[in-house]
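A short worksheet on the structure shown next.
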Amino acid sequence: MRQILMTWARPMAARPMTALGIAFLLLIVLFAAASPWIAPFPPDQIDPVNRLLEPGGAHLLGTDHFGRDTFSRVVYGARLALLIGVGVVAFALASGVPIGILSALYPNLGKVLMRMVDVLMSFPSLLLALGLIVILGQGVFNAILAIGLIYLTTTARIVYGVALRLKAEPYVEAARSAGAGPWWIVTRHILPNMISPLLVQASFVFAFAQLGAASLDFLGLGAPPDIPSWGNMLAESRIYITRASWLLQWPGLMIVLTAFSLNLVGDALRDRMDPRFREMVGK
Amino acid sequence: MGRYVIRRTGAAIMTLIAASIVIFAFIHLIPGDPVYVMLGDGATPEQVAALRDRMGLDEPVVVQYLIWAGNALQGDLGQSIFFDTPVTQVIREGAETSILLALITMVWIVAFGVPVGILAAIRQGTVIDQGLSGLAMLLASVPTFWVGLYLILIFAAGLGWFPSSGYPSIFEEGGLANLRYLILPSLALAAPNAALILRLTRASMLDVAREDYVRTARAKGIAPSRVVLRHILRNALLAVVSAFGFTFAALISEAVVTETVFALPGVGRTVVQSILRRDYPVIQGVILIIVCMYLVINLAVDLSYRLLDPRVELE
């Protein structure tokens with residue numbers, strides 16, 4: 001136990017910013033898990049008498065144009081932020097990893113798959129997501145798919161590159177000459193060695209998913225308006241900003257700090273990673 | 001070189017064909033009959049039949065694609081359902097705003113990202129470098145529309161230095177002074193992209209600094225400042241300049257959000273409105289044009305890069 005603590009504590013002490021980032025992410029997880037207990041009001045409780053109240057008093061961060069409590073909505077917004085992040089990362093990995101590995105193992109198939117990835121990458125990312133939303137319709141799940149598709153491409157590219165290098169390693173050659181099949185090589189040799197690049201990629205994807213989801217929300221094409229998401233809060237408060245600038249402040253700060261913390265964590269993980277793969281991951 | 005140009009151009013054309021198939025298929029992937037989806041439930045049978053005929057929807061899908069692609073090659077991207085004008089005209093109307101916005105944004109990106117990236121690289125490992133790299137990461141974590149809203153709040157609503165929304169053409173009354181409408185939007189759009197260029201400039205400088213010829217130059221006793229300027233910077237900027245083309249194309253699509261925040265009459269805002277109006281021919285047209293631009297810019301960058309640095313090989 002002590003040893004585990006030390007291997008974690010030392011790098012954290014050397015990077016105080018990263019430690020702060022992790023602390024903030026834990027706060028988000030706490031917000032999401034315990035929102036009903038932390039939030040003083042239900043996030044959708046309308047109170048027309050107390051609309052656009054300034055921060056202070058019973059409403060710690062003020063109220064919006066329906067009199068809904070901003071702090072409560074910020075707390076509940078953590079739920080959607082985590083859902084989007086986890087969903088996009090899961091989709092990007094579940095699709096990008098098999099595509100990348102299959103392409104590396106079977107060069108002929110790889111030519112076709114990687115060309116398809118290239119085609120998807122020639123679409124500007126936001127327009128690709130918007131196009132998919134048009135086809136699938138609006139909703140949280142579809143937003144996850146639309147943003148996930150963007151990161152399918154980058155994940156598949158990275159996995160392809162890493163898998164190609166691993167495939168050329170002497171121990172993989174040795175396993176193959178000893179008669180190991182593709183399944184054995186992938187599960188025993190390639191995937192275990194790919195964990196750290198994937199972790200780095202996951203933290204960056206998680207970060208950019210927050211910004212992508214916020215953009216979709218802002219355009220009115222993301223989460224339905226009845227869901228308290230930080231992006232929706234910003235979109236709704238847009239016309240009141242001169243009267244109630246606090247509505248702009250907190251949801252935006254939550255998005256920025258979440259993305260920033262994840263980027264810090266991703267950077268720290270990358271620095272601790274195998275230098276051979278370092279240049280291949282992240283942007 | 002000749003073979004490289006042919007192979008690289010061929011690859012770009014193949015990608016364009018594949019992308020055009022995706023864009024064409026888009027309208028058929030939308031659930032339901034596209035004609036009813038576009039016209040709404042209140043459409044008369046005559047309207048339905050007319051649109052069906054105009055879009056050639058009764059032909060086999062392959063024939064439809066060939067007609068669509070053939071028309072696109074001749075500069076005909078179809079009719080907008082909402083405006084009842086050619087899609088090319090709708091795009092042309094938004095083009096001035098979008099291109100000028102992207103150009104002004106590029107000015108900010110270059111003016112900030114490159115010198116600051118150079119500074120971070122020269123001071124590698126120091127507090128300055130860490131601070132600047134932290135700043136870059138922070139800028140990359142900020143949603144552009146949030147920056148935009150704050151810029152409106154401070155510089156338009158508060159100080160009144162710049163207009164908060166809209167953009168009258170520079171060819172109309174006001175002339176070049178109308179560019180002030182694009183100052184705040186371009187700053188918002190520049191923030192995350194300047195961060196990328198900053199990081200790229202820094203990384204590229206540090207990469208080149210490890211080259212043998214830099215060590216040789218130092219060993220010959222050339223002044224450190226001259227090594228940085230003549231040996232490192234000139235070569236490092238090659239990689240940075242090649243990223244400009246890529247960034248410019250990305251700006252046009254990222255401007256979707258910025259143009260919405262500032263109510264600019266650009267192509268990006270047209271896309272969002274066309275999505276809400278179910279004006280699919282416009283969406284298809286805009287995406288096709290942007291993908292074309294992206295591929296052409298990337299091709300031009302790759303070819304000129306190869307021309308400037310013959311060591312670059314086709315992967």
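Just the heavy atoms: all of them, side chains too, but no hydrogens, waters or symmetry mates, feed the values below. A, B, ... follow the sequence lines: proteins, then strands. Residue 1 opens every chain.
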Checklist entry - Among V261(B), V256(B), V22(B), which residue forms the greatest number of heavy-atom pairs with chain A at distances under 4.5 Å? => result V261(B)
Item to check | Flag if over 12 foreign heavy atoms under 6.0 Å of CE, M293(B) | outcome: yes
Checklist entry - For the candidates L211(A), L132(A), L126(A), which exhibits the highest count of non-hydrogen atom pairs separated by less than 4.5 Å from chain B? => result L211(A)
Next on the checklist: Any heavy-atom pair between the side chains of L149(B) and R238(A) that's under 4.5 Å?
Outcome noted: yes
Next on the checklist: Taking the side chain as everything from C-beta on, heavy atoms only, tell me whether R278(B) gets closer than 4.5 Å to V134(A).
Outcome noted: no
Item to check | Pick from L234(A), L128(A), D118(A) with the largest number of heavy-atom pairs that fall under 4.5 Å of chain B | outcome: L234(A)
Checklist outcome for this item: Looking only at V142(B), L138(B), I23(B), the option with the highest number of non-hydrogen pairs under 4.5 Å against chain A is L138(B)
Checklist entry - If you draw a 6.0 Å radius around CH2 in W250(A), do more than 12 non-hydrogen atoms from other residues or ligands fall strictly inside? => result no
Item to check | Max heavy-atom pair count under 4.5 Å with chain B, selected residue of L248(A), L257(A), L136(A) | outcome: L248(A)
Next on the checklist: Can a donor-acceptor pair be found, under 3.5 Å and without considering hydrogens, that links the side chain of W146(B) to the backbone of G231(A)?
Outcome noted: no
Next on the checklist: Counting only non-hydrogen atoms closer than 4.5 Å, does A203(B) touch chain A with its backbone (N, CA, C, O), its side chain (CB onward), both, or neither?
Outcome noted: neither
Checklist entry - Would a 4.5 Å heavy-atom cut-off, applied to side chains only, mark L219(A) and F145(B) as touching? => result no
Item to check | Contact class of Y150(B) relative to chain A, heavy atoms under 4.5 angstrom | outcome: both
